[in-house]
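Any value given below was found using the heavy atoms of this structure, including those in side chains, with hydrogens, waters and symmetry copies removed. Every number for a ligand or one of its atoms is a count from 1 in the order of the listing.
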Amino acid sequence: MSTKILVTGGAGYIGSHAVVELSQAGYQPIIVDNFNNSQESAVAGIESILGKKVPLYRIDCADAEALRSVFAAEPDIAGVIHFAAFKAVGESVQKPLAYYQNNLGSLLALLTVIGEFKVQSLVFSSSCTVYGIPDALPVTEATPTKKANSPYGATKQMAEDILTDVAAAGGPRTILLRYFNPIGAHESAKIGELPLGVPNNLVPFITQTAAGIREKLTVYGTDYDTPDGSCIRDYIHVVDLAKAHVVAVQRLLDAQPDAAQVETFNVGTGRGNTVLEVVHTFEEVSGQKLNVELGPRRPGDVPAIYADATKAATELGFETETTLADSLASAWKWQQALAKA
Ligand code: NAD
Ligand code: WQD
């Protein structure tokens, strides 16, 4: 049986870690990326960790003709993991059309070509953003989704619906992975998150503040109904998240004909941590004192969300292994490696 797995967005933050884990689990990942939010250095990092080359196609995933040429050049692709998308929530409000075009355009082109080449298995990067502000915590996969509060979130909801319809009509068997907040980097510090410009996300902002690139970290809101007043999230180490993809791929390749056509899994730790807990844990593991300002709420933020991770544990056999402290230590090691690069 073929072990070739096409990884769209494989040079990106999560995709690069998934490519490493796939290869180390015995799969042959093939990267498709147009580097609109990543750099070729990520592929060099992957290859340095693995000690071998990984096939790379520099194409736009929304270009069906270019995708066809990849599937033709790589016969017997057993499955696809589709990471390629724009992901900045705020930017999506400013540039909604770009988000609908890229995130849905790449999905539609991919599904078209997957259909032509009769690929049976697909893993899709969804997000906890589909839950909006949940009525109860933790959120299970059965928690109702809420109207998306950004075009980015809308693309994830629409993509889930499109994939469900296509799978039901004989398209690829699909696993939707709803990620919570990925953080940290590979232990080698050869791959990690490469935020362009000022980071929106908490952990890169923390590490850049500790490195002196940013003057101070603003904690967005300390008057929420949480133990210390700051927002709660479920921070999952990116290597744990990457491993969930390996397990999902294996489940799809092992699926019996009567298996479900679409399955949805939360991928989080099942733990919620406040922003201030993250800040203090970072200070402990790094030995760096952060310049912290307690600021107002950031518009659009969900006060608290974390995963019920039971379904992934019982049905996928997937559980996270890394503590918040170790995840933050890896993020700091990566930031220091970036400074030396
Ligand atoms: P990323 O930007 O680091 O990686 C995405 C990769 O896809 C980049 O390398 C980019 O160059 C590539 N890409 C984008 N559009 C493309 C196109 N049309 N053709 C080819 N390549 C294209 O982002 P990430 O954090 O690794 O996220 C990966 C996926 O996970 C995305 O779908 C994102 O929406 C989803 N997700 C991310 C988070 C998060 O917090 N990072 C949380 C939930 C879901
Ligand atoms: C985390 C917490 C902020 C920066 C986003 C997307 C979501 C998903 C993951 C893709 C919040 C606080 C942040 C700062 C702060 N992505 N914060 N100071 O907003 O949970 O989720 O990424 O699907 O869809 O919305 O992540 O890292 O931006 O924020 O206090 O400088 O840190 O208010 O409570 P978020 P984040």
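Looking from atom 34 (O) of ligand 1 to the surrounding protein, the closest heavy atom is Y152 OH, 2.6 Å. Atom 22 (O) of ligand 2 has as its closest protein heavy atom N201 ND2, 3.4 Å.
Contact annotation: for F180 versus ligand 2, there are no heavy atoms closer than 4.0 Å.
Listed by number with element, the atoms of ligand 1 under 4.0 Å from a non-hydrogen atom of F35 are 11 (O). Taking every heavy atom of G9 and a limit of under 4.0 angstrom, the matching atoms of ligand 1 come to 6 (C), 7 (O), 12 (C). Numbered from 1 in the order shown, with element, the atoms of ligand 1 that lie under 4.0 Å from a heavy atom of S125 read 29 (C), 30 (O), 32 (O), 35 (C). Near C61, with a cut-off below 4.0 Å to any heavy atom, the atoms of ligand 1 are 17 (C), 18 (N), 19 (N), 20 (C). Taking a cut-off of under 4.0 Å to the non-hydrogen atoms of S38, the atoms of ligand 1 that pass are 8 (C), 9 (O), 11 (O). Near C231, with a cut-off below 4.0 Å to any heavy atom, the atoms of ligand 2 are 34 (O). In the vicinity of Y152, heavy-atom distances shorter than 4.0 Å reach the ligand 2 atoms 10 (C), 23 (O), 24 (O). Distances below 4.0 Å separate heavy atoms of V219 from the following atoms of ligand 2: 30 (O). Atom numbering of ligand 1 starts at 1 in the shown order; those under 4.0 Å from a heavy atom of S126 are 43 (C), 44 (C). Close contacts of ligand 2 with T218, meaning ligand atoms under 4.0 Å from a residue heavy atom, involve 14 (C), 15 (C), 18 (N), 30 (O), 31 (O). Near L217, with a cut-off below 4.0 Å to any heavy atom, the atoms of ligand 2 are 31 (O).
At least one N/O-N/O distance between N102 and ligand 1 falls below 3.5 Å. Checked against a 3.5 angstrom limit, the closest N/O atoms of S127 and ligand 1 fall outside it. Not a single N or O atom of K87, backbone or side chain, sits closer than 3.5 Å to an N or O atom of ligand 2. At least one N/O-N/O distance between L202 and ligand 2 falls below 3.5 Å.
One hydrophobic cluster holds both L316 and I5 under the rule that ILVMFWY side chains link at heavy-atom gaps under 4.5 Å.
Under the 30°/60° scheme for interplanar angles, the aromatic rings of Y99 and Y152 are found to stand perpendicular.
Under the 4.0 angstrom criterion for non-hydrogen atoms, A42 is not in contact with ligand 1. In this structure, I59 counts as a contact residue of ligand 1, since one of its heavy atoms falls inside 4.0 Å of the ligand. Residue-ligand proximity: R178 is placed with every non-hydrogen atom at 4.0 Å or more from ligand 1. Residue contacts with ligand 1 leave out N181, since none of its heavy atoms falls under 4.0 Å from the ligand. Assignment of T8 to the shell around ligand 1 is not supported, since no heavy atom sits closer than 4.0 Å. Using a 4.0 Å cutoff on heavy atoms, Y224 does not count as a contact of ligand 2. At a 4.0 Å cut-off, not a single heavy atom of Y179 sits close enough to ligand 2 to count as contact.
Looking at D33, L107, D60, it is D33 that brings a heavy atom closest to atom 12 (C) of ligand 1. Counting only non-hydrogen atoms, the option in N181, D234, V275, V198 that gets closest to atom 9 (C) of ligand 2 is N181. Taking each of R233, Q208, R298, K216 in turn, the one with a heavy atom nearest to atom 29 (O) of ligand 2 proves to be R298. The option with the heavy atom closest to atom 22 (C) of ligand 1, from among I14, V130, L241, N34, is N34.
A salt bridge does not link K311 with E141: none of the charged nitrogens is closer than 4.0 Å to a carboxylate oxygen.
Around atom CD of E40, more than 12 heavy atoms belonging to other residues, nucleotides or ligands sit under 6.0 Å away. Within 6.0 Å of the CD atom in E215, the count of heavy atoms belonging to other residues, nucleotides or ligands does not exceed 12. Applying the 6.0 Å contact sphere to CD of E187 captures no more than 12 heavy atoms from other residues, nucleotides or ligands.
By the salt bridge (charged side-chain N to carboxylate O under 4.0 Å, His left out) test, R68 pairs with E65, E116, sequence neighbours left out.
You'll find the ring centres of F83 and H17 outside the 6.0 Å limit.
The backbone N or O of A185 lies less than 3.5 Å from a partner atom in the side chain of H237, making a donor-acceptor pair.
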